[in-house]
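As structure tokens, the structure follows; a few thoughts come after it.
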Amino acid sequence: MKRIKCIISYDGTHFAGYQVQPNKRTVQGELEQTLAKMHKGEMVRVVASGRTDAGVHAYGQVIHFDSSLLLPAERWQKALNALLPDDIVVRDVQEVDFSFHARFSATAKEYRYKIRTAEEQDVFSRYYCYHYPYALDIEAIKHALNAVKGTHDFTSFCSAKTEIEDRVRTIYEAEAISSHNGLEFRFVGNGFLYNMVRILVGTILEIGQGKREADCIPSILQGKDRRLAGKTAPPHGLYLWNVYYDN
């Protein structure tokens with residue numbers, strides 16, 4: 001047996017999320033069906049660095065699986081891409097030690113959130129960025145993002161459905177990058193709670209629009225109450241961009 005690590009990208013538009021669900025199209029389901037074909041019907045379990053919700057995209061999702069097939073890495077990549085649907089692409093394949101685990105070996109993750117700020121919607125990007133055609137105070141946004149960095153209890157910035165009790169996370173980087181007709185948020189942290197990035201983005205957009213004070217983030221964090229934060233930004237602007245490991 002060998003352990004295979006893959007970096008994959010996928011367009012989340014037509015998936016019900018990453019994780020397998022009964023009678024729904026998922027990224028994990030497509031991966032495992034493809035691997036079953038390659039293993040003559042044998043079930044091969046795929047482990048990912050984490051789940052993504054319906055409509056959320058990935059540029060650098062990391063998965064691993066164990067296989068008895070004797071294929072070099074480049075053959076794995078070609079075979080998987082030939083059999084997978086065209087909204088999933090395998091970008092890199094490596095054989096790794098059995099101590100590697102796509103989820104538990106990860107030391108940090110990077111998420112990006114893309115926004116189109118132009119007045120008109122772009123029909124060709126409507127599934128890949130959030131159309132938010134309002135004037136934004138970039139300095140207020142940057143001030144708010146600085147307050148997000150560091151180690152905090154992010155209870156106020158996660159879904160009320162979150163079952164995880166330990167909600168303390170460390171955000172290493174939080175920035176907004178302006179571009180023509182757009183804005184991209186970038187977050188790097190040691191972990192993220194359910195809907196955390198989307199709630200952060202929704203709240204910071206309200207700050208940028210002047211609906212909230214630029215220095216409100218610390219009090220929202222201290223309140224530990226989801227009702228204190230802003231709306232949850234829609235899923236289609238969110239990308240799991242990169243997963244970091246010690247090596």
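Residues take their numbers from the sequence shown, with the count starting at 1. Keep in mind that this is a model prediction, so the values were computed, not measured.
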Would Ile177 and Phe185 count as a side-chain contact (heavy atoms from CB on, under 4.5 Å) here? Give the steps.
CA-CA 6 Å; Ile177 304 164; Phe185 288 96; over 6 Å; no

With ring centroids as reference points, do Phe192 and Tyr111 lie under 6.0 angstrom apart?
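Between Tyr111 and Phe192, which both carry aromatic rings, the centre distance is below 6.0 Å.
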
Less than 6.0 Å separating the ring centroids of Tyr128 and His236?
no

Tell me yes or no: between the side chains of [X] and [Y], is some donor less than 3.5 Å from an acceptor?
X: Asp11; Y: Tyr127; answer: no
X: Asn146; Y: Lys149; answer: yes
X: Thr52; Y: Gln61; answer: no
X: Thr232; Y: Arg226; answer: yes

Determine which pairs satisfy salt bridge (Lys or Arg N to Asp or Glu O under 4.0 Å) with at least one residue from [range], sequence neighbours left out, and list them in order.
range: residues 59-77; result: Arg3-Asp66
range: residues 92-111; result: Lys2-Glu95, Glu110-Arg112, Glu110-Arg186
range: residues 120-143; result: Arg116-Glu120

Side chains of [X] and [Y]: closer than 4.5 Å at any heavy-atom pair?
X: Leu136; Y: Thr117; result: yes
X: Tyr239; Y: Val197; result: no
X: Cys158; Y: Asn195; result: no
X: Val27; Y: Ile88; result: yes
X: Arg198; Y: Asp53; result: yes
X: Leu205; Y: Gln209; result: no
X: Ile164; Y: Tyr194; result: no
X: Ile7; Y: Val90; result: no

Within this structure, what is the [atom1]-[atom2] distance for the pair [X] and [Y], rounded to the nearest 0.5 Å?
X: Leu240; Y: Arg51; atom1: CG; atom2: CZ; value: 14.0 Å
X: Thr155; Y: Glu165; atom1: OG1; atom2: CD; value: 10.5 Å
X: Arg45; Y: Ile63; atom1: CZ; atom2: CD1; value: 12.0 Å
X: Cys129; Y: Leu183; atom1: SG; atom2: CG; value: 11.0 Å
X: His57; Y: Asp87; atom1: NE2; atom2: CG; value: 11.0 Å
X: Ser156; Y: Phe154; atom1: OG; atom2: CZ; value: 10.0 Å

Closest heavy-atom pair and its distance - [X], [Y]:
X: Ser105; Y: Ser99; result: OG-O, 3.8 Å
X: Glu175; Y: Leu145; result: C-CD1, 3.5 Å
X: Ala48; Y: Ala102; result: C-CB, 3.9 Å
X: Ala140; Y: Ile207; result: O-CG2, 3.9 Å
X: Glu206; Y: Lys231; result: OE2-N, 3.3 Å
X: Ala233; Y: Gly202; result: CB-N, 4.1 Å

Apply the test side-chain contact (heavy atoms from CB on, under 4.5 Å) to residues Phe157 and Val148: give CA-CA distance (whole Å), side-chain angles for both, the deciding distance (0.1 Å), then the verdict.
CA-CA 10 Å; Phe157 292 98; Val148 169; over 6 Å; no

Does the ring of Phe15 carry Arg25 above it, NZ/CZ under 6.0 angstrom from centre and within 45° of its axis?
yes

Tyr59 six-ring face occupied by Arg91 cation (under 6.0 Å, within 45°)
yes

Could you see if [X] belongs to whatever hydrophobic cluster contains [Y]? Use Ile, Leu, Val, Met, Phe, Trp, Tyr and a side-chain cutoff under 4.5 Å.
X: Leu193; Y: Leu200; value: yes
X: Ile8; Y: Trp76; value: yes
X: Tyr10; Y: Val56; value: no
X: Trp241; Y: Val243; value: no
X: Val96; Y: Tyr245; value: yes

Decide side-chain contact (heavy atoms from CB on, under 4.5 Å) for Asn181 and Ser179; before the verdict, give the C-alpha distance in whole Å, the side-chain angles of both, and the deciding distance to 0.1 Å.
CA-CA 6 Å; Asn181 286 336; Ser179 62; over 6 Å; no

Would a distance-only check, ignoring hydrogens and angles, find a side-chain to backbone donor-acceptor pair under 3.5 Å from [X] to [Y]?
X: Thr26; Y: Gly29; value: yes
X: Thr162; Y: Ser159; value: yes
X: Thr13; Y: Gly55; value: no
X: His39; Y: Glu42; value: no
X: Thr170; Y: Thr151; value: no
X: Arg169; Y: Asp166; value: yes

Counting only heavy atoms from other residues, nucleotides and ligands, does the tally under 6.0 Å from CZ of Phe124 exceed 12?
no

Is Glu213 atom CD crowded by more than 12 heavy atoms from other residues, nucleotides or ligands, each under 6.0 Å away?
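No.
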
Given side-chain contact (heavy atoms from CB on, under 4.5 Å), test Leu31 with Leu80 step by step and report yes or no.
CA-CA 9 Å; Leu31 289 166; Leu80 287 167; 5.8 Å; no

